[in-house]
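Read the structure below first, then the notes.
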Amino acid sequence: MFTGASQFALVGVVGGGGSVWAGAVAAALLGSRNALYGLRLSSLLEARGVRRLLAAQFVIDETTAMAIAREDPSLSKFAFWATGGALFVLWNLGTLAGALATHAIANPKVFGLDAAPPAAFLALLAPRLRAREPMAIAIAAALVAVVVLPFVPAGVPLLIVALLVAVYGLTR
Amino acid sequence: MWAGVLIASAACYALKLAGLSLPQSWLSAPRIQRVVPLIPVALLAALVGTQTFSTGQHLVLDVRAAALVVSIGAVLLRAPFLVVVAAAAATAALLRLV
């Protein structure tokens, strides 16, 4: 899995005591936007066969933004592969460093690390809130998730919110 | 545990490959174009809410709420990702010291 929001969501649900399956569904739902990115990128990249299988792993927010910002198709391709390759290596090295460092940190709370995930989700969310409708959806989604939280198993608030926003989007 | 991780990984990869491979018309239906961008907005906001105001299945109000206020400020100032996260962690850590 190489798509940050999904990785954070899966870890967040499991870390909060939820079932890995609730986390997996949330991760896949968050990954659905990558299908739309792939749609935008397919005509730019013209990747076939093995190259397409490799390109698919690099379809994320950052590579899409870098590729579609270029006018020249050959620069688009270069931006996609360079961003994807660099991020893939550094992201996974960072993940490995984090995994190894957990043994060195006895109590993450002392460093405020339990406050880091919400800030990370907020930073991922902020660029998507440039209009009134997504802002309203975000506030409503956070409220609904917190209100239902004591009454359903961990992770399930995310699934309820996903269902509600899909119904909202499809019915109006 | 690992079965869930592997299946979620496969699903995330399959969605990317589907975007590159499926006929343009399948995914360009207006309804799909409208709903799919809303899903990350709702899920990320729900994650911000639940990860700030709960421990397990209990609602709690602790230093993480103050850290969230600081990170909202950082986001409004267009701070980079790492600065937003570090500001939140530092706020929580400092408030626990006092």
Side-chain angles (χ1 to χ4, degrees), chain A residues 1 3 5-6 9-10 12 16-17 20-21 23-24 26-39 41-42 52 55-57 59 110-126 128 134 137-138 141-142 145-146 149-150 154 157-158 161-162 165-166 169-170, chain B residues 1 3-5 7-9 11-13 15-22 24 27-28 31-54 56-59 63-64 67-68 71-72 74-75 81 84-85 87-96:
Chain A
M1 192 186 299
T3 173
S6 298
L10 177 52
V20 69
W21 298 108
L29 285 169
L30 274 165
S32 63
R33 72 192 189 288
N34 290 330
L36 291 193
Y37 294 158
L39 186 68
L41 289 170
S42 63
R52 184 191 287 169
Q57 183 67 325
V59 174
V110 173
F111 298 97
L113 293 187
D114 56 333
F121 290 125
L122 182 73
L124 289 171
L125 173 64
R128 301 171 207 274
I137 287 174
V146 170
L149 184 131
L158 293 185
V161 162
V165 76
L170 289 173
Chain B
M1 164 67 96
V5 174
I7 286 177
S9 301
C12 286
Y13 178 76
L15 284 161
K16 296 171 170 183
L17 189 61
L20 286 180
S21 309
L22 288 177
Q24 298 272 332
L27 293 172
S28 54
R31 286 185 155 192
I32 292 190
Q33 290 283 331
R34 181 172 151 65
V35 172
V36 170
L38 297 180
I39 290 174
V41 169
L43 285 181
L44 290 170
L47 281 160
V48 172
T50 55
Q51 303 255 317
T52 302
F53 298 108
S54 74
Q57 260 180 273
H58 302 281
L59 294 183
V63 296
R64 284 175 293 170
L68 180 64
S71 52
I72 289 174
V75 158
F81 182 87
V84 175
V85 175
T91 304
L94 288 174
L95 285 176
R96 285 212 177 92

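The structure displayed is predicted, hence computed values, not measured ones. The chains referred to below are lettered A, B, ... by the order of the sequence lines, with proteins before strands, and numbering in each begins at 1.
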Heavy-atom contact with chain B under 4.5 Å, split by part of A:S6:
side chain
Report the option among B:A67, B:A89, B:G49 that has the most heavy-atom pairs separated by less than 4.5 Å from atoms of chain A.
B:A89
Using every non-hydrogen atom in the two residues, find where A:P117 and B:Q51 come nearest and quote the distance to one decimal.
CB-OE1, 3.4 Å
Could you tell me which portion of B:A3 (side chain, backbone, both or neither) has an atom closer than 4.5 angstrom to a non-hydrogen atom of chain A?
both
Passing option when B:I32 is tested against A:L39, A:L170, A:L36 for side chain to side chain contact (heavy atoms under 4.5 Å, CB included):
A:L36
Rounded to the nearest 0.5 Å, how far does CD1 of B:I7 lie from CE of A:M1?
11.0 Å
Mind checking what makes salt bridge (charged side-chain N to carboxylate O under 4.0 Å, His left out) contact with A:R52, not counting sequence neighbours?
none
Give me the atom names and distance for the closest heavy-atom approach of A:A123 to B:F81.
CB-CD1, 3.5 Å
If you count heavy-atom pairs within less than 4.5 Å of chain B, which of A:A35, A:G31, A:A145 leads?
A:A35
For the CG atom of B:L43 and the CD1 atom of A:I137, what is their distance to the nearest 0.5 Å?
11.5 Å
Report the option among B:A45, B:S71, B:A88 that has the most heavy-atom pairs separated by less than 4.5 Å from atoms of chain A.
B:A45
Largest heavy-atom contact set with chain A, pairs under 4.5 Å, which of B:P37, B:S9, B:A11
B:S9
Using heavy-atom distances under 4.5 Å, tell me whether A:V146 contacts chain B through its side chain, its backbone, both, or neither.
both
Min side-chain heavy-atom separation B:C12-A:N34 under 4.5 Å
no
Please determine, among A:L113, A:L29, A:D114, A:L10, the option with the most heavy-atom pairs under 4.5 Å with chain B.
A:D114
Ranked by heavy-atom pairs below 4.5 Å to chain B, first place among A:P157, A:G17, A:A141 goes to A:A141
Heaviest contributor of heavy-atom pairs below 4.5 Å to chain A, chosen from B:Q33, B:R34, B:M1, is B:R34
Toward chain A, the part of B:S21 with a non-hydrogen atom under 4.5 Å
both
Please give me the minimum heavy-atom distance between B:L15 and A:A28, naming the atom from each residue.
CD1-O, 3.3 Å
Cut-off 4.5 Å, heavy atoms of chain B, and the answer for A:Y37 is neither
With a 4.5 Å cut-off on heavy-atom pairs, point out which of B:A92, B:A87, B:A74, B:G4 contacts chain A the most.
B:G4
So which residue, A:A162, A:S42, A:P134, ends up with the most heavy-atom pairs under 4.5 Å with chain B?
A:S42
Heavy-atom distances under 4.5 Å only: say whether B:A42 touches chain A with side chain, backbone, both or neither.
both
Considering the options B:T52, B:V75, B:L47, which one meets the side chain to side chain contact (heavy atoms under 4.5 Å, CB included) requirement together with A:L122?
B:V75
Would you indicate whether the side-chain heavy atoms of B:I39 and A:L30 approach each other to under 4.5 Å?
no
Taking every heavy atom of A:L149 against every heavy atom of B:S54, the minimum-distance pair comes out as CD2-CB, 3.4 Å
Return the option, out of B:V35, B:L95, B:L94, B:T91, with the maximum number of heavy-atom pairs under 4.5 Å with chain A.
B:V35
At a heavy-atom separation under 4.5 Å, does B:I72 approach chain A through its side chain, its backbone, both, or neither?
both
For residues 36-45 of chain B, the salt bridge (Lys or Arg N to Asp or Glu O under 4.0 Å) pairs (sequence neighbours left out) are none
Nearest heavy-atom approach of B:V85 to A:A116 is CG1-CB, 3.7 Å
Given a strict heavy-atom distance threshold of 4.5 Å, which part of B:V5 is in contact with chain A: side chain, backbone, both, or neither?
both
Minimal non-hydrogen separation, A:R33 against B:P40, with atom names
CD-CG, 3.6 Å
